[in-house]
Every structure is written in C-alpha cells, then in structure tokens.
2 protein chains.
Amino acid sequence: MSKCESCIVKEFNSLKSLTRQELMRVSACKTGKIYKKGQVIFEEGETLNGVYCVRDGVCKLTKLSENGKNQVVKLVVKGGLLGKRSLVTEQKTNLSAVALNDMEMCFIPKSEIMADLVKNPKFTMDVLKKMANDLKDSDISLVNMAQKSVKRRMAEILIYIYDNFGTNADDYLNIVISREDYASIVGTATESAIRILSQFKKEGLISTKGKQIKIEDYGSLKWIE
Amino acid sequence: MSKCESCIVKEFNSLKSLTRQELMRVSACKTGKIYKKGQVIFEEGETLNGVYCVRDGVCKLTKLSENGKNQVVKLVVKGGLLGKRSLVTEQKTNLSAVALNDMEMCFIPKSEIMADLVKNPKFTMDVLKKMANDLKDSDISLVNMAQKSVKRRMAEILIYIYDNFGTNADDYLNIVISREDYASIVGTATESAIRILSQFKKEGLISTKGKQIKIEDYGSLKWIE
DNA sequence: AGAATTACATGATAAATATCATATTTTAAG
DNA sequence: CTTAAAATATGATATTTATCATGTAATTCT
C-alpha cells in the first residue's frame, strides 16, 4: 500500500495540509480497505472511530427519511474524506455510506488524526473551509429541492455528474447508478425517475446502453424548462 | 452598550470560547446595530467584513432560486452568529439576511476575530463544531424537503418554531411571520401555505389571531399524515 | 378617518407527481 | 445455459401542488 506522504489522492482533501511528519505518522497507522459494489461502508447511527479517504471508486451518502425511503445527500469520489463531521463533533454519524462500485479506501483512526486537528492550525482551517463549502453546497441543494421541478433536478444531476465525474472512452458517464438511485438523489419515486429519463431519451437529450447514460445534448439539458 | 465579557448572549455561540482578554479586544472594536422589521442586513453576493451577533430579534437567512423565488434556509435568533461561513472561506456570502422583527445586533470586524480563529484552538474547534452541526441540520432539511409532503413540512416548521423559539404569555408563537414567509420556508406557493394553515385551523390543530399562530394540538400536529 | 396597499382567503382548474398494475428487459445465480 | 430475481419500462389513475381569478380583511399612509 502506498504511503500517505507520496499519495496523490490526498491533494484533493484536507490531508494535504498535514506536515510531512504528521503524514508519516498517519501513514503508519492507516489501514487499507476494499469494498464491493453495494457494500455498506458505515450505517447511520454508527460510531465512527476514524475517517475514510477514498482512493478509488464512488460511494453515496444517504439518510433515511421517516417514510422509510433513503435520500442520497452526496456522491463522493477519489480524494473525498468520509466521517469529517463525526470526527469533529464526537457524535454518531448521521449518514450512511454505500459503495456504488468497487472501492478502495484508507481508514485513518480517529485518535491519530484528532491530535493534528488540535495542534495544526493549517489543517484545522482547511477542514473548516471544506466544511463551510459543504454547507454552501447543502444550501444550494436545499433550494433546488424546494423550488425546482423533478425534471429540472434530474437534468441537473446528469449535468453535475458529467461535469464533476466525467465520461469514459465511449462518452458514457463514468458514474453508473440505478434509476432507483437517481430517484433517491432527485427526491422522487423510482417510476417518475424512469419516466423522465425515458422522456429525455425520446427528446434526444440522452441515450442509454443498459444502465449507462450518455449525454447527447448538453446545452438543452442544462437549460431545460 | 454592554461589554462582550459580561454579555450573556455569547453563551449561545462560539464567542464563549474566547479568553477574557480576547473578549475585551473584541468588545472594544464591536459596533452595535439596530435593524427594523423587514430591513436587509446583508444581501447574497455581498462581501462581509465581519460577523454579526444577534442580541435580540429574529432574522431569516434566504437564498434566491433561479426561478426568482426566495427560499428561507434558516431562522436565527438571540445568540446566533451570522457570517461564520464567509469569515472562514473568505468568499462572498451565499445567503441574504432579513430582519423579521426589530433587531439588535453587534457587528465584529473580521480582522479582529480572524486572529483568534487562527490562534485560539478552543475557539476554532467550537466554530468547527457549530459548522458541523449546521451541516447535519442542513442534511435533515434536505431529506425533509425531498421526501415529505407540503402539509407535513408545514406541521414540522410550526413544531420547530414552538420547540425552539417558544410562545408568549397568550401561548401564541413568539416568532410571527407572514404566510409568504411560511411558504418560502416550506418551499411551496403562498396560496398553498395559506390553504394548509386554514385546513389546520379547521381541524383544530392551530388557531390564529391576525398573523399570530397558536398551537392547539401539538400531538396531532407532530404526528400528522 | 378614509383611501390605498398589502396580506389573507378560497374557488376553479391545470399541471406535476405518486401510486398501482403489469409487461419486458437485464442481470445474477446455480 | 437456463432460470429466477431484479431492474427498467409504460399505462391508467389518484393525489398533491401550482396557478389564475377574485373577494375580503387587515395595515399603512396621508
């Protein structure tokens, strides 16, 4: 397993603000973990005793609603850090994490990283900034959810995935998820999600191959409605 | 104007984690501000050069949606601190703040408080924790917005206001806001908000006197649907 | 106090979305 | 490879919510 000091993945998260010395210490105590598609990384209500650093793959962060449906709150890819909030607040996690494809992660015990959080102001400030940004994103999501139509939200998540996670060689979106997941991101019934994707297909905005989706008309999708 | 060192309001926010010395410095440079009902404290996109500490009154934090409607993201009362995010990220604010009734606030210049944020780990950790909690609340709001009916959301905001901000001597909710604001909190059309409140009234769950609302049947409201 | 503005209320109707039913296709398991 | 299970698709219908219209009550202004 590669050492934290030389790991490029950390460039995308707060760990980059640690000193070389701190990184070596973290590296020594981290453990690598592999998760298969569909596997639960942690469950809402669990006590996390560390943070997870995503080296490869994608996972969804979900929250259970009172009506029993799971809502996807965020997608996390390479470089993402899971469990920041629980690290800071000492509370049980309020989200579940589930692998959307095969994943490779590093687990860093809380005890190790907490010391740095208190002692290294650069690291603390970086975590603080990341958290502030998450909060901003969350506000945006809230407004989208409250004010936009399901069709619009679906178009936006497709654009979001395209912009942030890119496409493979055949131009299909890199992130491949079920219609049920799309429904749970957008906050609608699975059938409604399917219907809207079918409609997009008929209108030539997207095309599909199995679960894979290709964006055919970015502009129209972006400015839909 | 009272000194920060002896101000009880700060007990509700991160300022309580400052040392006596730091508080005296903050106190020396803070300015008091009065806002009338309906007055804009700051507007989305503005550069904030400090944080606001709410001494009295209530304000709403809103975000403009692309469709031109304002969405209320949060209500802030005595003890609340506005502008934390902008302080930390050095970005322009992503929310507007509008007074819902007459307010009394203290404004603390950024320059003064930033030094403490970097030097005082206890203060930094406290801001971090507050931010983490805001994030958790935001996730909950997102799920509510995505998965619950307008009626349910309306019931919940009434319960929320009752639980968090209390009632006056006549048992009417302390926070008095227009139906339009209710609509913008719940994320619905003003007419729909009005209709639902009328329905609640018919069902004996609430009663009203002008804009004031009294919760008559907390239990039924809480478990509605 | 009276006029004007704004907020509240409610009906009628349209549009969006959910739910239930039932095929069909795709994927996974043996 | 075959079969069972799961995911996708689509119709029919019900429910929820938005929009438009119009009237009444409450506030504000002068």
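These figures come from a predicted structure and were not determined experimentally. Per chain, numbering begins at 1; letters A, B, ... match sequence-line order. What's counted below: heavy atoms across the whole structure, side chains too, no hydrogens, waters or symmetry copies.
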Just checking, is any N or O donor in the side chain of [X] or [Y] under 3.5 Å from an acceptor N or O on the other one?
X	Y	result
B/Asp163	B/Tyr218	yes
B/Glu216	B/Ser207	yes
A/Lys69	A/Ser184	no
B/Lys201	B/Thr208	yes

Can you tell me which nucleotide in [options] comes closest to the side chain of [X]?
X	options	result
A/Ser149	C/dT10, D/dA9, C/dT17	C/dT17
A/Thr188	C/dT17, C/dT10, D/dA18	C/dT17
A/Ser198	C/dC8, D/dT19, D/dT10	D/dT10
B/Arg179	C/dT19, C/dC8, D/dT8	C/dC8
B/Ser192	D/dT17, D/dA7, C/dT19	D/dT17
A/Lys201	D/dA9, C/dA18, D/dT19	D/dA9
A/Ile194	C/dT10, C/dA18, D/dA9	D/dA9

Any idea how B/Phe42 and B/Tyr52 line up, ring-wise: parallel (<30°), tilted (30 to 60°), or perpendicular (>60°)?
tilted

Rounded to whole Å, how long is the line connecting atom [atom1] of [X] with atom [atom2] of [N]?
X	N	atom1	atom2	result
B/Leu197	D/dT17	CG	P	14 Å
B/Tyr182	C/dA9	OH	P	12 Å
B/Ile224	D/dT16	CD1	P	12 Å
A/Gln147	D/dT17	CD	P	15 Å
A/Gln199	D/dG11	CD	P	12 Å
A/Ile196	D/dT10	CD1	C1'	14 Å
A/Glu180	C/dT26	CD	P	19 Å
B/Ile213	C/dA7	CD1	C1'	13 Å

Any pair counted as salt bridge (charged side-chain N to carboxylate O under 4.0 Å, His left out), so long as it reaches residues 148-162 of chain B, sequence neighbours left out:
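Passing the test, one end in residues 148-162 of chain B: A/Glu66-B/Lys148, A/Glu66-B/Arg152, B/Lys148-B/Glu156, B/Lys151-B/Glu225, B/Arg152-B/Glu156.
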
Looking only at N and O atoms, is any donor in the side chain of A/Arg195 or the base of C/dT19 less than 3.5 Å from an acceptor on the other one?
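Yes.
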
Classify [X] by what it touches in the nucleic acid, base, sugar-phosphate, or nothing, heavy-atom distance under 4.0 Å.
X	answer
A/Lys148	nothing
B/Lys202	nothing
B/Thr190	nothing
B/Lys69	sugar-phosphate

Need to verify one output field. Residue with the more 5' nearest nucleotide on DNA chain D, B/Glu191 or B/Lys37?
B/Glu191

Both A/Ala189 and A/Gly210 contact DNA chain C. Taking the nearest nucleotide for each, which residue is further toward the 5' end?
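Its nucleotide being nearer the 5' end, the pick is A/Ala189.
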
Reading DNA chain C from 5' onward, which residue's closest nucleotide shows up sooner: A/Arg153 or A/Lys211?
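So the residue in question is A/Arg153.
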
Partner of A/Gln212 by side chain to side chain contact (heavy atoms under 4.5 Å, CB included), out of A/Ile175, A/Val176, A/Asp171
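Filter result, single survivor: A/Val176.
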
For DNA chain C, what dot-bracket results from Watson-Crick or G-U pairs at under 3.5 Å, with [ ] for crossers and | for inter-strand partners?
||||||||||||||||||||||||||||||

Passes side chain to side chain contact (heavy atoms under 4.5 Å, CB included), A/Phe107 versus A/Leu82? Steps please.
CA-CA 9 Å; A/Phe107 178 79; A/Leu82 305 180; over 6 Å; no

